[in-house]
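In what follows, a single structure is set out as structure tokens and then discussed.
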Amino acid sequence: GSKNNRLYSARANSIFVEDEIIFNNISITGGVRYERIFLERKDWGNDLNRDSTATSIKAANIKVFIPGIGISYQLANELQLFSGIHKGFSPPGPGIDDEEEVLPEESINFEFGTRYNKGFQTGELVAFYNSYNNLLGEDTQSSGLGSYVQFNGGEVLIQGIEFSFGNIYNLNKILMPVTVSYTFTDARFKNNFESDFDPWGKVYYDDEIPYIPKNMLHAKIGLAKNSFKCFLRFKYSSKVRTVAGKAEFTNSNSINAMHVADFVIKYQINS
């Protein structure tokens, strides 16, 4: 019964140059990518015969330069500082609404952190700062009506911090791998606009973006010996908004926190 008999196609040409410079304990990696993307959408409406002429053809030609640079400094054999700044880019599809052009999503992404490696022991602490222009949204089945219309959401700032740790302990010839990771994310719109997309609606400066949890935690502990392995895993995501805003969480504008635990047993029968 669908009237959306469409065919999307894309053709991309990409070239990149990258170089790494090492000086004593400092490593610098820089590069740039040039990409040209040709997008096309043919629409037959409710006509199921694709041998016939499409009732609508829309095309877009996108050209973009994407630079980036990363720097790392080896403080000691086990400890490293690193930082980087990169341009982000996400092309839109050819679009659904012929009256409104959907712009590519662009961003500047900055990170700074430290990394630790010693034997089986690893750790990382990273702060990130991502500034978006023309944030791309899409009306999907899970967060809309399922029309898959794309649209822009203006300026957005996503910042936060990530921590991870992992180690493998030896308990009388039984190995016990342990990993834990935590992410704090603050994601907000940085302009005022009004959208037909229900989860955004009427947006004001500094409104929180829906469906992005502020806190995420993942932990895993296991036991392994010879052919036998077992793992207990736990994942937590904090309560999220279903509509952009700054108001207190209610039953009508949020989804409760999620707790997921699972237990896995593996046995290697033979090679």
Legend entry - Minimum side-chain heavy-atom gap T242-Y211 below 4.5 Å: yes
Inset, instruction - Using a cut-off of 6.0 Å, state whether more than 12 heavy atoms not belonging to Y129 lie near its atom OH. - result: no
Legend entry - Same apolar cluster: L175 and V264, side chain cutoff 4.5 Å: no
Inset, instruction - Return yes when atom CZ of F228 has more than 12 non-hydrogen atoms of other residues, nucleotides or ligands closer than 6.0 Å, and no otherwise. - result: yes
Inset, instruction - Indicate yes or no: at least one non-hydrogen side-chain atom of N130 is less than 4.5 angstrom from one of F128. - result: yes
Inset, instruction - For the residue pair E194 and V203, establish whether any side-chain heavy-atom pair is separated by less than 4.5 Å. - result: no
Inset, instruction - Look at the side chain of S238 and the backbone N and O of A257, then say whether any donor-acceptor pair between them is shorter than 3.5 Å. - result: no
Inset, instruction - First locate atom CG of L217, then atom NE2 of H259, and finally report the distance between them rounded to the nearest 0.5 Å. - result: 9.5 Å
Legend entry - Donor on one side chain, acceptor on other, E124 and T114, under 3.5 Å: no
Inset, instruction - Taking the side chain as every heavy atom from C-beta outward, state whether N109 and K87 have any pair of such atoms under 4.5 Å apart. - result: no
Legend entry - Any side-chain heavy-atom pair of R36 and N61 under 4.5 Å: yes
Legend entry - Within-4.5 Å side-chain heavy-atom neighbours: M258 and K235: yes
Legend entry - Close side-chain approach of Y182 to E162, heavy-atom, < 4.5 Å: no
Legend entry - For K190, all residues meeting side-chain contact (heavy atoms from CB on, under 4.5 Å), sequence neighbours excluded: E155, L157, R188, Y205, D206
Legend entry - Other residues, nucleotides, ligands: >12 heavy atoms within 6.0 Å of E248 CD: no
Inset, instruction - Check whether any side-chain heavy atom of F184 lies under 4.5 Å from a side-chain heavy atom of M216, and answer yes or no. - result: no
